[in-house]
Amino acid sequence: MDFIQEIKSKKEKIVVIGLGYVGLPLAVAFDKKTSVIGFDINKEKISKLKQGINPTKEVGNEAIQETTVDFTDDASRIGEGRFLIIVVPTPVNADKTPDLTPVINATKMVGRELKKGSVVVYESTVYPGVTEEICIPVLEKESGLTCGRDFKVGYSPERINPGDKIHTLENIKKIVSGMDGETLEIIAGVYEMIVGAGVHRVSNIKVAEAAKVAENSQRDINIAFVNELAMVFDRMDIDTREVIEAMNTKWNALGFYPGLVGGHCIGVDPYYFIWEAQKLGYHSQIILSGRKINDGMAKFVADNIIKQLILADKTVKRARVAILGITFKENCPDVRNSKVEDIVNFLKVYGIQPVIVDPVAETDVIESIYGAKPLPLSEIKEMDCVVFAVAHKEFRGIPINELKSMFVQGENDEKIVIDIKGILNKQEVVTAGLRYWRL
């Protein structure tokens, strides 16, 4: 019986190391086909999962309650499986250099429990070379085993889009790679068990690593382009979204819109490419420029909030501002690297203490970051300015009367709406007598 058949027949277990926005859906999906151990170092997360509570909301509580994934925070249990998938964050440091600490620490834990005949697959986003030049030596050192003889390694970049219920793990083609042909076929066969869209085999691990940083860098650059347009058109008093809608009538327009670029993928991955390129003597031009533009958008938005307050004859320091949404993207509770936090911090420089509304993010997480509990949308009253920062479904389609009720009701008080994501009907808002600005 070959390795894939042993997994399918549940004679071998799959172990997923890291149960975040990517690892948890992966573990749940594999559990429908075979035996799975889900490991995470976060004891509180494991406790919630065992209670049937899904912290990430990426798969529903019902799915967690129905799954038979064996959730554990006991690292010694990693050795119970021989197909091991490492799915941990790869953030950047304050100076924008790669922080490989999580992936190295996970590799050490796996190495200490590694058994002969195992296959270790990395899904964490890294720059080309990390798997073979950094991770394999760690695995060998911790296990005392030799890669290629005693165990094999591959790389399959994650492509899950958090909060997206259409483009899910099962229907996004999976890139797979292995250190040799045999490993590639094992990895491809295992992922084909759950990915209906199929797999795309590449010739080596570095190609797979490069594909991930390339696809996120491409998106980052395209958003940077329209963000730059937005900053220039704002000076020209031209509505950027109207321009883009007109541009999109051409068949080869790409359909990108301006916005804040945060999170743990697009806002981070390009820095991995930039850093490795600099090590090789190449100074990135386009990708680094895109990053600078996108990292500067929070300040641009904050400056325009202040500008609109001044134009509306508001006293900036005493202005009451509500921020609707603080996660890095819509319909997703993840607040990591959210650029909305940067907007809030910029406003605080002017003495403004915004109130926060976010029905998706965890209340305790919001409180730990902003020092105050979020308010329900129904309690937003007497505001000078309401900022639609994230396009959560709860914020879309708000009736104009409900929107107007959020503001100070004095006859001569201007009501300011900042629509970062362009989710409101501009004409309707303006006709209702509100001051409107959008990115």
Side-chain angles (χ1 to χ4, degrees), residues 1-40 42 45-46 49-50 52 54-75 77-88 106 109-110 113-115 117-124 151-162 164-165 167-178 183-201 208:
M1 184 178 292
D2 65 21
F3 195 19
I4 297 174
Q5 286 304 316
E6 288 181 336
I7 290 174
K8 289 181 178 179
S9 64
K10 301 187 178 183
K11 291 185 177 181
E12 283 291 348
K13 295 179 180 178
I14 291 176
V15 184
V16 178
I17 297 95
L19 299 175
Y21 287 84
V22 176
L24 184 57
L26 192 65
V28 171
F30 271 123
D31 181 66
K32 296 173 183 177
K33 303 293 183 179
T34 187
S35 295
V36 179
I37 295 174
F39 170 81
D40 200 285
N42 188 323
K45 180 188 292 183
I46 294 298
L49 289 170
K50 286 183 174 180
N54 175 22
T56 68
K57 300 181 182 178
E58 200 57 34
V59 294
N61 288 345
E62 184 178 345
I64 297 300
Q65 292 160 11
E66 292 176 353
T67 189
T68 59
V69 173
D70 190 351
F71 296 115
T72 182
D73 56 13
D74 180 359
R77 299 201 58 206
I78 292 172
E80 292 181 23
R82 287 197 301 132
F83 194 91
L84 313 168
I85 306 174
I86 296 177
V87 199
V88 295
M109 283 190 290
V110 169
E113 307 300 330
L114 198 60
K115 303 293 189 295
S118 295
V119 175
V120 182
V121 182
Y122 288 85
E123 287 209 10
S124 302
F151 67 91
K152 299 294 183 73
V153 170
Y155 183 83
S156 179
E158 58 88 2
R159 278 178 155 178
I160 288 177
N161 187 22
D164 189 338
K165 304 308 179 186
H167 303 99
T168 59
L169 169 66
E170 291 82 0
N171 57 31
I172 302 174
K173 189 175 284 289
K174 199 86 166 71
I175 297 172
V176 293
S177 67
T183 309
L184 173 61
E185 291 310 311
I186 291 172
I187 294 171
V190 171
Y191 278 109
E192 283 173 337
M193 291 167 56
I194 61 169
V195 181
V199 301
H200 177 81
R201 295 167 173 82

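Hydrogens, waters and symmetry mates are skipped; everything else that's a heavy atom, side chains included, is used. In this text, all values refer to a predicted model and were calculated from it rather than measured experimentally.
With Lys174 contributing its side chain and Val195 its backbone, the two residues share no donor-acceptor pair below 3.5 Å. A donor-acceptor distance shorter than 3.5 angstrom exists from the side chain of Ser124 to the backbone of Val88, with no hydrogens or angles considered. The closest donor-acceptor contact from the side chain of Thr34 to the backbone of Ile7 lies under 3.5 Å. Lys173 places a side-chain N or O within 3.5 Å of a backbone atom of Ala197 that can act as its donor or acceptor partner.
Counting heavy atoms from C-beta on, the side chains of Ile64 and Leu49 come closer than 4.5 Å. Residues Val153 and Tyr122 meet the side-chain proximity criterion, which asks for heavy atoms closer than 4.5 Å. Under the 4.5 Å side-chain criterion, counting only non-hydrogen atoms from C-beta, Leu19 is in contact with Ile46. Contact annotation: the side chain of Val36 never approaches that of Leu26 to less than 4.5 Å [non-hydrogen atoms, C-beta and beyond]. For the pair Val87/Tyr21, no side-chain contact is recorded, criterion being any heavy-atom separation below 4.5 Å from C-beta on.
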Report task. Give the intermediate values and the outcome of side chain to side chain contact (heavy atoms under 4.5 Å, CB included) for residues Val121 and Val176. Result -> CA-CA 9 Å; Val121 182; Val176 293; over 6 Å; no
Requested in this report: Applying salt bridge (charged side-chain N to carboxylate O under 4.0 Å, His left out), run through Glu192 and Arg201 and close with a yes or a no.
Outcome: CA-CA 11 Å; Glu192 283 173 337; Arg201 295 167 173 82; 3.8 Å; yes
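Taking the ring centre of Phe39 as origin, the terminal cationic atom of Arg77 falls outside the region bounded by 6.0 Å and 45° from the ring axis.
When all heavy atoms of Asp40 and Asn42 are compared, the pair lying nearest together is OD1-N, 2.9 Å. Scanning all heavy atoms of the two residues, the minimum distance from Phe3 to Glu12 falls at CE1-CG, 3.8 Å. Contact detail for Gly81 and Ser118: the closest heavy-atom pair is O-OG, 4.3 Å. Heavy-atom minimum distance, Ala75 versus Met109: CB-SD, 4.2 Å.
Atom CZ of residue Phe151 and atom OG1 of residue Thr183 lie 11.0 Å apart, to the nearest 0.5 angstrom. Distance CD/Glu80 to NZ/Lys13: 4.5 Å, rounded to 0.5 Å. Here the CD atom belonging to Glu158 is positioned 9.0 Å from the CD1 atom belonging to Ile172, to the nearest 0.5 angstrom.
The salt bridge (charged side-chain N to carboxylate O under 4.0 Å, His left out) test applied to Glu113 returns no partner, not counting sequence neighbours. Partners of Glu66 by salt bridge (charged side-chain N to carboxylate O under 4.0 Å, His left out), not counting sequence neighbours: none found. Considering only residues two or more places apart in sequence or on other chains, Pro157 meets the side-chain contact (heavy atoms from CB on, under 4.5 Å) condition with Tyr155, Ile175, Ala208, Lys212. For Lys33, the side-chain contact (heavy atoms from CB on, under 4.5 Å) partners two or more places apart in sequence, or in a different chain, are Met193, Ile194. Residues satisfying the salt bridge (charged side-chain N to carboxylate O under 4.0 Å, His left out) criterion with Asp31, sequence neighbours excluded, are absent altogether. In this structure Gln65 satisfies the side-chain contact (heavy atoms from CB on, under 4.5 Å) test together with Asn61, sequence neighbours excluded.
Using the six-membered ring where Trp is involved, Tyr191 and Phe83 have ring planes that are perpendicular, over 60° apart on the 30 and 60° scheme.
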